[in-house]
Amino acid sequence: MVLTNGKVFIINTKDNSYVFHVDETGLLLHDYFGQHIEIDNYDIKAISQKNTILKGTTTIYKEDVNPNLSMDVTLLEFSFPHKGDYRSTPILLKNNANGYVFDFNYEGYEVNSEVKIESELPTPRDPDEELIIHLREKHSNVRVDIRFLVFFDSNVIARNITIVNEGSEELEVLKALSLQLDMFNNNYTVTHFTGGWASEMHENTTSIKPGRIVHESRTGFSSHKDNPLFVIRSGTSSLDNGEVMIFNLMYSGNHINEIELNTYGLLRVMSGISPFCFDYKLDKGQSLETPYAVFTYSNRGVNAARNNMHNFVNNHVVNPEFKEVVRPVVINNWEATNFKFNESRVMKIAKHAKPFGAELFVLDDGWFSTRNSDTEGLGDYDVNKKKLPHGLSGLAKKINKLGMKFGLWFEPEAVNPKSKLYKAHPEWAIKNSSVEPSLGRHELLLDLSKKEVQDYIIENVSSILSGANIEYVKWDVNRHISDIPNNEYVGEFFHKYILGLYRVMNILVKKFPKILFEGCASGGNRFDLGILYYFPQIWASDDTDAFERMRIQYNYSYGYPLSCISNHISSTPNQQTLREISINTRFNVAMFGVMGYELVFDELNKNEKLRTKQLIEVYKSHREMFQYGEFTALESNDHSIRWQITSKDKKHAVVGVYYILQEINPQETFLSVKGLKEGKYTISGLGLEHDIREFGSSINMITPFYVSPKGKLVAIASHFIKMPADKDEYKVHSSELSSNGIKLNPQWSASGINENVRVMGDMSSRLYLIDIIEEESTQESEQK
Ligand code: DGJ
């Protein structure tokens, strides 16, 4: 909550405090961001930076007022260039009267507990309070408002700036970042997430050294090249201890995150729209609002900070229509058919998926016009009657008859040059009149900065959505932006495209409030909080290999809750990596989030079908927890990953344990479970029966005579003889679980086959279900 005496500003969330003040020079100085502190009578002397000596060769901001204050060596709440701060600054402006030099001073503030924000940008919902600081540059009469939105329970603060040109001259905004957070360095590291198509969210951690680290997207989209999410933590922090700050930007276009450490140990963290080709012109009276940067802090390690972000996204970002709504199990035909399908083929896929728990069939790319490959037809959404003789509504009816919902793929932002739409409206594609446009996946993007293009998309998509019983939409886009137009708005183009996209999404989700929209951009090329504001879930990656996905999902979880991460189980060998991974592990990974299928069920053997039926039951009976529970990482190293999901009432949990490579003489494993209510619990490991053929020639250790492991005898015997499923079943007290944990059965290691041995192997996994059987009565309930 916001406390202020007009000079000192204190923002408190449940666990944290954020403090800054107005200096006698009129600058805003930053004092503190960290765990909650009590401050008496706004006395911040103890936590403020002491500017009591003059540091050599510095430029003094206002020598007559404070002879020791140089912006370059001061923790600032809002900085600007050319007045002594030689670090990167959040803002760069230009006009005829001032050139590049603007001098912003504090003018006033507002605190509002009833927050009503009208914006073209996605704005976090239902803040508890807002604080607006007004700054003014006197000569040019430009105002900057810094807005803080407070999310008390989630421990999240959102911050943006608005630049208002109240002067008489045109103002050029060349850089306008949303977040500036100055602090003393504390042996911090920064983690950001890079990647490419089908390889999203590679975690990169570097220790922060003097100089500037820049993470940026220049593709037009938030991009798989560098997700806007990043983490700053102390070098000594761990999953459950130490200082961790998580930052994200609620924006789907070009972004930049800058982390700069100077020689005095002052660290500046900034985030906002990338200044790449950004040159916004503001006439008298016009303003520019920047997207919200959101950030959180915890001194209890990564898990606590991550959970702050998860609570924030689930409660303050996602469309309230889908808040806490469990998401359906979809069966999508893309990996099974690509463009080659017809009604009977897709009906078969849907029918076969139904007994395995699929609830919604999604018809992917290729259902319209001449779209039989990715080279043509995109943009012409007239149903291909050869493939679908009964149209979309006929197909939807048939799918509904099976007891399933029907969903549809679109790529509304793009067009193939070989299409009727492009022939009719070549001027709607993003192009520069002086050069030939470059294609990406044989397509051009439509210019969503133009209102007529936005209106066309809204109308076109609406008419299809109204023409059949469509209950889900996969909204795809499959290239980056290139060839930005050479018109007078060239410096505004990237941002205006995203504003146009937000307008389209906003209108469509309001018009079709019950449709579940899933964002997709060749997988995770636009996985960000801006998209999640409109579409409650996003297809995480075109890589459906469970091993790759484990890392991708884990890294998304730093800033995005599991309810937003869409994961499909696909065939083996995997289409992207040719890796063979058991159905068990494919399930055990995909279940942590919004699980669906992209499988051909007839390709599964009897055992796989059996396992699928067991696991879909587990998923569905724990679905709310898998999507909305508290996610805790237990371990992550080169050999294994373990994570836990815990129900809201803290009486149930599921732990996933994943081994990357089978080790010989592996270390004994114990299972430690965190954060459960006091009481007695059952644990049950979902062990697996094994086919004797998995043991190769070791089978001879138990046969009286030599048998060929690949021979007929073993093949026949495999139908009758199974290696028993391992059983890790216990009844324990919560204290045993949360201690060092319970010792699990040892792993098979060249010997031992019985139910007290876990036969694992490469890319293997186990789920452990932990359920309360008796709650311990607390003192409080006894007193009642
Ligand atoms: C890219 C998506 O990520 C895939 O899932 C699929 O929908 C294809 N596009 C279709 O073209």
Side-chain angles (χ1 to χ4, degrees), residues 195-201 219 221-225 227 252 330-341 345-346 349 353 358 360-381 384 387 406-416 418-419 439-446 461 464 470 472-480 516-528 531 535 537-546 548-549 552-553 556 564-571 574-577 590 593-600:
W197 173 74
S199 60
E200 293 83 349
M201 300 301 282
T219 64
F221 296 156
S222 50
S223 150
H224 47 217
K225 287 177 181 289
N227 195 280
S252 312
V330 310
I331 166 76
N332 175 306
N333 68 306
W334 177 245
E335 284 205 13
T337 67
N338 278 234
F339 296 96
K340 289 185 208 75
F341 60 83
R345 175 98 170 93
V346 296
I349 291 174
L360 190 151
F361 172 78
V362 182
L363 184 62
D364 212 284
D365 196 356
W367 54 267
F368 48 86
S369 183
T370 54
R371 184 84 173 159
N372 295 314
S373 74
D374 56 11
T375 57
E376 61 182 285
L378 191 59
D380 304 334
Y381 294 106
N384 180 335
K387 287 180 179 173
F406 177 67
L408 195 61
W409 176 96
F410 284 98
E411 190 176 349
E413 295 163 69
V415 64
N416 282 133
K418 273 196 196 167
S419 66
L439 300 180
R441 207 194 183 203
H442 316 289
E443 64 192 44
L444 294 167
L445 288 174
L446 295 173
V461 173
I464 296 158
I470 296 167
Y472 162 107
V473 165
K474 178 175 173 187
W475 183 291
D476 200 356
V477 60
N478 283 297
R479 61 160 298 175
H480 306 305
L516 171 61
F517 283 83
E518 175 164 308
C520 171
S522 304
N525 193 27
R526 216 167 47 187
F527 199 116
D528 61 68
I531 297 296
F535 300 169
Q537 59 190 54
I538 303 178
W539 176 230
S541 175
D542 271 358
D543 192 342
T544 54
D545 173 293
E548 294 284 317
R549 271 304 183 108
I552 293 173
Q553 290 169 216
Y556 275 126
C564 299
I565 307 174
S566 166
N567 312 315
H568 292 175
I569 295 167
S570 60
S571 324
N574 179 270
Q575 289 189 4
Q576 294 79 40
T577 60
V594 179
M595 198 206 82
Y597 295 118
E598 209 137 328
L599 263 179
V600 178

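Remember, it's 1-based here, ligands and their atoms both numbered in the order they're listed.
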| Does the cation-pi check pass for Arg479 over Trp197, that is, NZ or CZ under 6.0 Å from the six-membered ring centre and within 45° of its axis? | no
| field | Under 4.0 Å from ligand 1, counting heavy atoms only: the protein residues, by chain and number | value | Trp334, Asp364, Asp365, Trp409, Arg441, Lys474, Asp476, Asn478, Cys520, Ser522, Gly523, Trp539, Asp542
| message | Students often mix this up, so state it plainly: with edges at 30° and 60°, are the rings of His480 and His224 parallel, tilted or perpendicular? | response | perpendicular
| query | Aromatic rings Phe410 and Tyr381: how do their planes relate, parallel, tilted or perpendicular, breaks at 30° and 60°? | reply | perpendicular
| said: For the residue pair Lys387 and Trp367, would you count it as a cation-pi contact if the rule is NZ or CZ under 6.0 angstrom from the ring centre and within 45 degrees of the ring axis? | reply: no
| said: Angle between ring planes, Phe339 versus Trp334, binned at 30° and 60°: parallel, tilted or perpendicular? | reply: perpendicular
| query | Nearest heavy-atom pair of Pro412 and Asp476: which atoms, and what distance? | reply | CD-O, 4.0 Å
